[in-house]
Amino acid sequence: MFHNRMRCVVRCSATALWVGLAAAGCQPSGPVRVTNANMVMGTEARITADAPDRETAAAAVAAAYDALNRVNDLMSDYVADSEIGRLNRLPPGEALKLSPETYFCLSEAQCFAAMTGGAFDVTCRPLVSVWKEAGKTKTLPTEETLTAARARVGWDKLLLDADRKVAMTTAAGMEIDLGGIAKGYALDLAAHAMGRAGATSGLIDVGGDVRVLGPQAGDQPWRIGVQHPFRPRGEHFCVVELRHGAVATSGNQHRYSEIDGKRYSHILDPRTGWPAENAPHVTVIANDGLNADAWATILSVLGAEEGRTLLAERGVRNVEVMWLLPPAEEPIIHKTDGFDQYIASD
Ligand code: AMP
Ligand code: MG
């Protein structure tokens, strides 16, 4: 049966894997490390795996890349024959059978949409296109253009059938864009793949969003730099230490359009049709990549005040957030109570 509302669960899909590794005693004293940097999902990736021997570590890195590429091939709206590409070309009312991965990602996205009253909405692609064009032509869209795009957007117009694993749009011109969530999910699948390939620990960084696979040898945390929102790429605002889970950052530091001297974020508020105004830079630490990625986008739309209220009202656990707001010289910082425990002291 089709449905578009479901009980929302904040998942920690990676926990079981880590518990399994610990129980199996897979933390040898002297692991071998392999690191490889490459382009994936249109951005730079850096993958590190620790394993008992070099061959296993290299195989784990390769397995992680395979998982990232598979998610891209299935879910990128830029890949014409991806499942999302095909769904976007199907007329309304026609159902498309999906892989378990794409179905899972879409169903999680619909959970977030329901939980946020549409602040997170993967049907936002028509609006994303309008604002991309606005950025190119340096001209704000007209009210008519925005109204027409908004008629093609709405998470409640995307139907999913959990039994058959199919999706169906219900309005003409609807298009899905998993850009706010799929990278995080890809990180999770890559971490699982790494573990299955024999890595005892590892780190996967795709464009600054990072997932770790357990601590480094000796229970050492991984150190992950958080980009300074108002300084050149590579300058860190702080360093986060993680043994498990993921950290993702959303912001318009490097992805925005400038029209008439004003910056417009690539993150939209689908409730208004306009770019998000509230938070130029949001960093989220969560138990897994999917949650870190989705929440970073959501909390960019909502900003610190509405964001905190939602997290509290929904009883969301294991999501720690840092919002950084102008002025550039001395950013205003808002943090959830648990964020500081992850910040490196040196
Ligand atoms: P991120 O960089 O993870 O915050 O994701 C931003 C990308 O998600 C954008 O480039 C769009 O493709 C898509 N997106 C923008 N606004 C939203 C939104 N409100 N809900 C879901 N996806 C969005
Ligand atoms: Mg995101």
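The analysis underlying the following values was restricted to heavy atoms, covering all of them including side chains, and did not include hydrogens, waters or symmetry mates. Atoms within each ligand, like the ligands themselves, are counted from 1 in listed order. Because the structure is predicted, anything quoted here is derived from the model rather than measured.
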Carboxylate-amine/guanidinium contact [X] [Y], below 4.0 Å:
X    : Y    : value
R271 : E306 : yes
D293 : K183 : no
R86  : D81  : no
D161 : R164 : yes
E320 : K335 : no
E133 : K138 : no

- prompt: Any chance CZ of R46 has more than 12 other-residue heavy atoms, nucleotides or ligands included, within less than 6.0 Å?
  reply: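 No, because the 6.0 Å sphere around CZ of R46 holds 12 heavy atoms or fewer from other groups.
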
task: Pull up every protein N/O/S atom sitting under 2.8 Å from the Mg ion (ligand 2), skipping waters.
output: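 Hits for the Mg ion (ligand 2) below 2.8 Å: G180 O, D293 O, D293 OD1, T297 OG1.
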
task: Give the minimum heavy-atom separation between A64 and M194, together with the two atoms involved.
output: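 That would be CB-CG, 4.0 Å.
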
message: If I compare all heavy atoms of L106 with all of L158, which pair ends up nearest, and what's the gap?
response: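 Scanning both residues, the minimum pair turns out to be CD2-CD2, 4.0 Å.
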
- prompt: Which ligand 1 atoms does T297 reach within 4.0 Å, using its non-hydrogen atoms?
  reply: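 Under 4.0 Å from T297, ligand 1 has these atoms: 1 (P), 3 (O), 4 (O), 5 (O).
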
query: In ligand 1, which numbered atoms sit nearer than 4.0 Å to a non-hydrogen atom of P270?
result: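 What qualifies from ligand 1 is 19 (N).
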
task: Going by heavy-atom distance to atom 14 (N) of ligand 1, choose the closest among G179, A292, C124.
output: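 Ranked by closest heavy atom to atom 14 (N) of ligand 1, first place is C124.
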
query: Nearest heavy atom to atom 6 (C) of ligand 1: which of K183, R271, K132, H266 does it belong to?
result: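 The nearest heavy atom belongs to H266.
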
Using distance alone, decide if ligand 1 has a nitrogen or oxygen within less than 3.5 Å of any nitrogen or oxygen in [X].
X    : answer
L268 : yes
D269 : no
A119 : yes
A296 : no

- prompt: Between R33 and Q216, do the side chains contain an N or O donor and an N or O acceptor separated by less than 3.5 Å?
  reply: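 Distance-only check passes for R33 and Q216.
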
field: Shortest protein contact, atom 3 (O) of ligand 1 (heavy atom only)
entry: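 Going atom by atom, the protein heavy atom closest to atom 3 (O) of ligand 1 ends up being D293 OD1, 2.9 Å.
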
field: Ring geometry between F112 and F120 (parallel below 30°, tilted from 30 to 60°, perpendicular above 60°)
entry: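 Judged by the thresholds at 30° and 60°, the geometry between F120 and F112 is perpendicular.
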
- prompt: Any idea which part of I267 is under 4.0 Å from ligand 1, heavy-atom wise: side chain, backbone, both or neither?
  reply: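 Both backbone and side chain.
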
